[in-house]
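Right, one structure below, let's go through it.
In what follows, every chain begins at residue 1, and chains take the letters A, B, ... in the order their sequences are listed.
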4 protein chains.
Amino acid sequence: MIGGGQGAFIGAVHRIAARIDDEYELVCGAFSGDPEKSRASGLSLGLPSNRVYNSYAELIEKEKQLPESERVQVISIVTPNHVHFAPSKMALENGFHVILDKPMTFSLAEAKELDKVVKATGKLFCLTHTYTGYPMVKEAKQLIKAGKLGEIRKIYVEYPQGWLSTFLEGEHQKQASWRTDPGKSGIAGAMGDIGTHAFNLAEYVSGLEVTQICADINIVVKGRKLDDDGAALLKFNNGASGVLTATQIAAGEENNVKIRVYGEKGGLEWHQSDANSLTVMYTDKPAEIWRTGGSYTSSFASHNTRTPAGHPEGYLEAFANLYRNFALTINAGIDGKEPEKEWLDYPGIEEGVRGMAFIENVIASGKSDKKWTEFKI
Amino acid sequence: MIGGGQGAFIGAVHRIAARIDDEYELVCGAFSGDPEKSRASGLSLGLPSNRVYNSYAELIEKEKQLPESERVQVISIVTPNHVHFAPSKMALENGFHVILDKPMTFSLAEAKELDKVVKATGKLFCLTHTYTGYPMVKEAKQLIKAGKLGEIRKIYVEYPQGWLSTFLEGEHQKQASWRTDPGKSGIAGAMGDIGTHAFNLAEYVSGLEVTQICADINIVVKGRKLDDDGAALLKFNNGASGVLTATQIAAGEENNVKIRVYGEKGGLEWHQSDANSLTVMYTDKPAEIWRTGGSYTSSFASHNTRTPAGHPEGYLEAFANLYRNFALTINAGIDGKEPEKEWLDYPGIEEGVRGMAFIENVIASGKSDKKWTEFKI
Amino acid sequence: MIGGGQGAFIGAVHRIAARIDDEYELVCGAFSGDPEKSRASGLSLGLPSNRVYNSYAELIEKEKQLPESERVQVISIVTPNHVHFAPSKMALENGFHVILDKPMTFSLAEAKELDKVVKATGKLFCLTHTYTGYPMVKEAKQLIKAGKLGEIRKIYVEYPQGWLSTFLEGEHQKQASWRTDPGKSGIAGAMGDIGTHAFNLAEYVSGLEVTQICADINIVVKGRKLDDDGAALLKFNNGASGVLTATQIAAGEENNVKIRVYGEKGGLEWHQSDANSLTVMYTDKPAEIWRTGGSYTSSFASHNTRTPAGHPEGYLEAFANLYRNFALTINAGIDGKEPEKEWLDYPGIEEGVRGMAFIENVIASGKSDKKWTEFKI
Amino acid sequence: MIGGGQGAFIGAVHRIAARIDDEYELVCGAFSGDPEKSRASGLSLGLPSNRVYNSYAELIEKEKQLPESERVQVISIVTPNHVHFAPSKMALENGFHVILDKPMTFSLAEAKELDKVVKATGKLFCLTHTYTGYPMVKEAKQLIKAGKLGEIRKIYVEYPQGWLSTFLEGEHQKQASWRTDPGKSGIAGAMGDIGTHAFNLAEYVSGLEVTQICADINIVVKGRKLDDDGAALLKFNNGASGVLTATQIAAGEENNVKIRVYGEKGGLEWHQSDANSLTVMYTDKPAEIWRTGGSYTSSFASHNTRTPAGHPEGYLEAFANLYRNFALTINAGIDGKEPEKEWLDYPGIEEGVRGMAFIENVIASGKSDKKWTEFKI
């Protein structure tokens, strides 16, 4: 693991996700740019001293020198955005599979470069868009793919948070500080941190691609340097339209990311606060509540479910599904087998490139006087 | 009553709303442009033959000639949009108070003209934006007015319907036919029919005014002549931003109009499918569920409540609240008393003018290549 | 109307319910045992002085002497329980149809006597068990009747209130005072006031009859004279079992009466706080949300619905459905026509007798050391 | 681990729960009474061959002979009920801490015997009543303990399942087979499997103890040998009353275990289908929704929370909380420190004895003609 030292948030989440299905073992780490902190973090995680490194470069170099049976196979990179590209590139080029936290890179240029590296090295790459790991999000995608709603016409996706309603970075809160710092986060704040999740969710569930964006991007809290609020009108490649909102100043909101998709014959709705339910509605019959663990769900949902219906699976299990499917795919490669289609259903480099393109396009649109900005990569 | 004959929808709703609190008695009507139909409708409603008229003009003229103690005091106009202005103007100018269904007129020009008539005649005027009649919508307004959320920053308002997902007007369904006919409905379809409700709700609850609009207006169903879907980015006069969506092609949706408002200190959410609850959320303490009939609610909510908490009041009661408050205000005038502030809390001519301006501005924005359209009246 | 004068609660509800569908006109009343108060109430309701009476006996006698075209046809009796039997009997025996608030009488003996009167006079009789007026409660009954759930096995019905959590009758609150007074309410408090609603709902929806009761009846608030809390295990005539709870000391609860019924193939749930939804669940497919106004609902639901789906109908509309169906049935009789089966679907004398039997049996069981008490009438 | 081999359900859950917080490492197991199956299970879990045993006795004996630094410290026993007592006793007496699945033993006599063993050996013991691991269940307990609801008056607890609506044991479904077999499950079916959870939840949250039971116990599905449905009226040691229901034939229900507790000043409600919310309601102010991760929650809730509010934690995390607190307590002992009060908040031997007493008393009551059965241990 690179990043995720003491005081970090998402690193611990990655470690739990990796443990849940027992497909991973934490064997080494460079947990901080500060060698002291990296060391302290590694030891507290029970790693032997010689597998805790002072920097990601040292980790990659030294691990590479270990015998294949000992050295790390997959490197999780859970640093702030400005330290995504370089360690990912180096890891891939030195023969390691990579799991990377979103958004993929600091810029679209880096993303396109990383895309080339992934393709050139042939190593596997997973980007942790957690919400696509939920069984009922997968079910939503499958229902749409199977034509249950008919041609898609309208998509609403939203990610409301309230935690940045005040100038939290002024209080040196660690999470707030780097996420609102253009030097660490990139050109976008809310749009990069959670807007990309909403964007990814919309494209994943619908199977469509955004082609045009018209965005209103705001810095609401005085003194903040990056957007903490935004909304975008969207056009999709089949002619459907949509609305995406992402905000960190919706005071009182937690993390209730939500998607609604409507087609000719019906619609569906999923939101994280009731993550194990998927509402499927029709014009001519009662709406249905599809449930995680239901005997009638697709293989994509059931493969990603651990407990009987009614025993809620949550965010960590969704996260673990990404880790597990990535491991199953890696292992299939090792065993020379074809991975199952359910295993391959994890976000990767393409989603990452599109996510970074979303960031650049949505911010460009926010600055533009023109209504529509073409979605360019 | 003018309009609302057999086969009509909203006329019957108006009549129930008028009856609920026993402040009105139906004494006469011109229920259709077709005299036969008007007559049949009136008789089936139990009116004496001589108080059923062949046209609205006849109604106004003949009623005016009756002794004051006999003649109608308030005229409800529940016709399609293109027959709103003329009867309203004539009724007001002949000394009658008017209740008019929304949207107020066929065009903004008519609306501004009607505004002058209302002011010139001094008669009272009520526009039936039903959703502002709900006790918990009123409570939301009062909480914001009292500063409970701090300065408002973000407003999301939405009105999703699915009933026009197919080309229903091709099947000569009465409601679909006139609502999608530019000759009867005006320049807008969904934006006029339900977008105006959403717009009114946003301004009513927040106490703010829209200043800029950036809209995406769509005709989704093939062959349709007016918009059946749209979304608009909004700017408000205090610097807040918002998103308004209104659609009639969200297949499976009923009428779950919904508003969320966020300020510096907290947010609130109301939606019609749980109309007797208002969620008020905070950054630092548990969210609260305010309820119709709660002992802690404001006079604006309690004045508009009939039954103890937990016995749900619905759409008809919300509608009746408009009727009742209008009647109380009229009666105060008759009695030479000052109406209570709770009675005056019904939508009127100003809301009507702003609603028509919304229609014209949102449609203009939809056609514009420029991102922001100034909200002009 | 008999009862329902100033300060009363349920009388006003009856009057609104009667007005909503315009099938009734209030023409006379004896609104209180106190002639002064009756007079003041009647005048404030707009009645002419000569149709406001000093007592129910005077009302019945004087109205009977009026010409048939003028005199009242239906008498609503909305007094406390101890003044239910005598005016009902007298009204029926003098040729009037009767609408009576629940519970039907002061005692089971009175109920059985009233049953004889109804049968002897042939007049129509309606008992206002409001909750059976909800469209989705009617749908629940129809679904079960049609065998959608298979043979019924389990019924949970509950009526939780919190308003009597304190010794409110000590503060001379009018509603609390008579409802906790054995001289006015009868032998039961909570079990009579709301337990009978729960009991009626269970038998109505399931189509089954209770045969055995095992009850725990409590007086929780110190100083109270009648039960304010209770729970009962039930056996039904097909072998199904159930649980009924009714309490007035569930602090914080409003009036969320709720029923769940399970059969061999599935179950259903309805509760008043989401009155327009009916959840129907299955062992092998997604649960469905049936909705008031849905195009797929039975004639029993659609006949009792006024507005399109998504515009919530509430408690007053449910109450109005009883009034409307009773009026339609009366009018069919006047017109010499067979009433539709949907019109006849209102609670009557049989439900009243069973409700009074429930009260006596449940209280007897509460006092018994034996587990099961046979349900006797 | 003892039990939990291939085809088992709860063993895998225990293993995930143990891994989530990285406080445990699986080092050995006797996964089945069938040595072949035990071996296959152990190897597939990645254990070395010499740490997979043929029987629990062999496991305990052989592990005991290993040097302290190598041998297992805590033994999880996840077998069917009839194989709970003997391995627990042997493990404790040989110096191992024990985690045991519920219900604790086959009979109350065994439970009392095990109680003595725990006390005599001084080893630590955890019983996996999962639902008490949820942060919002812990919050409910703390709110009541702090007097927020006043003196408790009424408790409703229910555990509805539908999975045994058919004669599943006739199809040789593994879970159904042993759970309905008196030789493996004990004298109770539903009451033992899920009734004990409901009972434990009621006592845990309220801090009260059941003193009297009046139960209706049923075998609904033809051919079944143990109860699949039941309901019980309860009396608590402070005079409060309650209702407990547990059923496996509520067709369509999943696992929505639910508790409601009411006191003099307010009430609260928690149910597993919305596990991260706790509704706290009052007689005189809006109900509050307390949430997992809320900044205002007690140390008991926050200590048991891993992710920010709005990222749902589910059943596995609740289960992991038991494991983690047990580990923290064990480690405190090793380190010679006093465990924090939050760590000690896991169910143990006392809850187990009371649970077994519940089973014997509730079944006895079900067979009795007397209304109330004293709760005896």
Side-chain angles (χ1 to χ4, degrees), chain A residues 149-151 153-154 156 158 160 162-163 165-166 212 214-218 220-221 228-235 239-245 247 249-254 260-269 279-288 365-366 368-373, chain B residues 149-151 153-154 156 158 160 162-163 165-166 212 214-218 220-221 228-235 239-245 247 249-254 260-269 279-288 365-366 368-373:
Chain A
L149 307 187
E151 185 70 23
R153 291 166 161 183
K154 195 84 200 180
Y156 301 117
E158 55 185 71
W163 72 293
S165 288
T166 58
Q212 287 182 301
C214 167
D216 175 29
I217 304 294
N218 304 299
V220 172
V221 172
D228 50 18
D229 172 75
L233 307 174
L234 304 174
K235 295 289 183 189
S241 62
V243 182
L244 177 152
T245 64
T247 186
I249 54 86
E253 290 286 350
E254 297 174 342
R260 289 174 286 176
V261 182
Y262 302 94
E264 291 172 328
K265 296 188 280 182
L268 58 78
E269 174 175 339
T279 302
V280 185
M281 59 195 107
Y282 306 95
T283 52
D284 56 354
K285 56 179 180 168
E288 296 164 351
S365 171
S368 171
D369 286 340
K370 269 181 51 193
K371 189 187 278 178
W372 293 107
T373 296
Chain B
L149 307 187
E151 185 71 24
R153 292 166 161 184
K154 196 82 197 181
Y156 301 116
E158 54 185 73
W163 72 293
S165 289
T166 58
Q212 287 182 300
C214 167
D216 174 29
I217 303 295
N218 303 300
V220 172
V221 172
D228 49 18
D229 173 76
L233 307 174
L234 304 174
K235 296 288 184 188
S241 63
V243 182
L244 177 152
T245 63
T247 185
I249 55 87
E253 290 286 350
E254 297 175 342
R260 288 175 286 176
V261 183
Y262 302 94
E264 291 171 327
K265 296 188 281 183
L268 58 77
E269 173 175 340
T279 303
V280 186
M281 59 195 107
Y282 305 95
T283 52
D284 56 355
K285 55 178 181 168
E288 296 164 351
S365 171
S368 172
D369 287 339
K370 269 183 50 194
K371 187 187 279 178
W372 293 107
T373 296

- Message: Need one label for B:Lys285: side chain, backbone, both or neither, based on atoms under 4.5 Å from any heavy atom in chain A.
- Response: neither
- Counting heavy-atom pairs under 4.5 Å with chain B, the top scorer among A:Lys265, A:Lys235, A:Glu264 is A:Lys235
- Task: Mind checking the OG-CD1 spacing from B:Ser241 to A:Ile217? Nearest 0.5 Å is all I need.
- Result: 10.0 Å
- B:Leu233 vs B:Lys371 side-chain heavy atoms within contact, under 4.5 Å: no
- Task: Mind ranking B:Gly239, B:Cys214, B:Ala250 by heavy-atom pairs under 4.5 Å with chain A and telling me who comes out on top?
- Result: B:Ala250
- Message: As an exercise: rank B:Ala215, B:Gly263, B:Gly242 by heavy-atom pairs under 4.5 Å with chain A and give me the winner.
- Response: B:Ala215
- Task: Against chain A, label B:Thr279 side chain, backbone, both or neither, depending on which of its atoms sit under 4.5 Å from a heavy atom there.
- Result: neither
- Side chain / backbone / both / neither for B:Ala231 at chain A, heavy atoms under 4.5 Å: both
- Check whether B:Glu158 gets within reach of chain A through its side chain, its backbone, both or neither, counting any heavy atom under 4.5 Å. side chain
- Query: Heavy-atom distance under 4.5 Å to chain A: side chain of B:Asp229, backbone, both or neither?
  - Reply: side chain
- Message: To the closest 0.5 Å, what do you measure between CG (B:Leu234) and CD (B:Gln212)?
- Response: 10.0 Å
- Count the heavy-atom pairs under 4.5 Å between each of B:Val261, B:Thr283, B:Val280 and chain A, then report the option with the highest count. B:Thr283
- Kindly say whether A:Ile249 contributes a backbone atom to a donor-acceptor pair with the side chain of A:Asp228 at under 3.5 angstrom? no
- Query: Between B:Ala240 and chain A, which part of the residue has a heavy atom less than 4.5 Å away: side chain, backbone, both or neither?
  - Reply: neither
- So which of B:Glu269, B:Lys370, B:Arg260, B:Glu253 has the largest heavy-atom pair count under 4.5 angstrom toward chain A? B:Glu253
- Query: Can you list the steps and then say if B:Tyr282 with B:Glu288 is a side-chain contact (heavy atoms from CB on, under 4.5 Å)?
  - Reply: CA-CA 9 Å; B:Tyr282 305 95; B:Glu288 296 164 351; 2.9 Å; yes
- Query: With respect to chain B, which residue among A:Asn218, A:Val243, A:Thr166 yields the maximal number of heavy-atom pairs within a distance under 4.5 Å?
  - Reply: A:Asn218
- Task: Specify which of A:Gly267, A:Ser368, A:Gly162, A:Gly252 makes the most heavy-atom pairs with chain B at under 4.5 Å.
- Result: A:Gly252
- Item | Option in A:Ala287, A:Pro160, A:Gly266 with maximal non-hydrogen atom pairs under 4.5 Å from chain B | A:Gly266
- Message: For B:Ser165, which atoms come within 4.5 Å of any heavy atom of chain A: side chain, backbone, both, or neither?
- Response: both
- How many angstroms lie between atom CE of A:Met281 and atom OH of A:Tyr262, to the nearest 0.5 angstrom? 4.0 Å
- Side chain / backbone / both / neither for B:Asp216 at chain A, heavy atoms under 4.5 Å: both
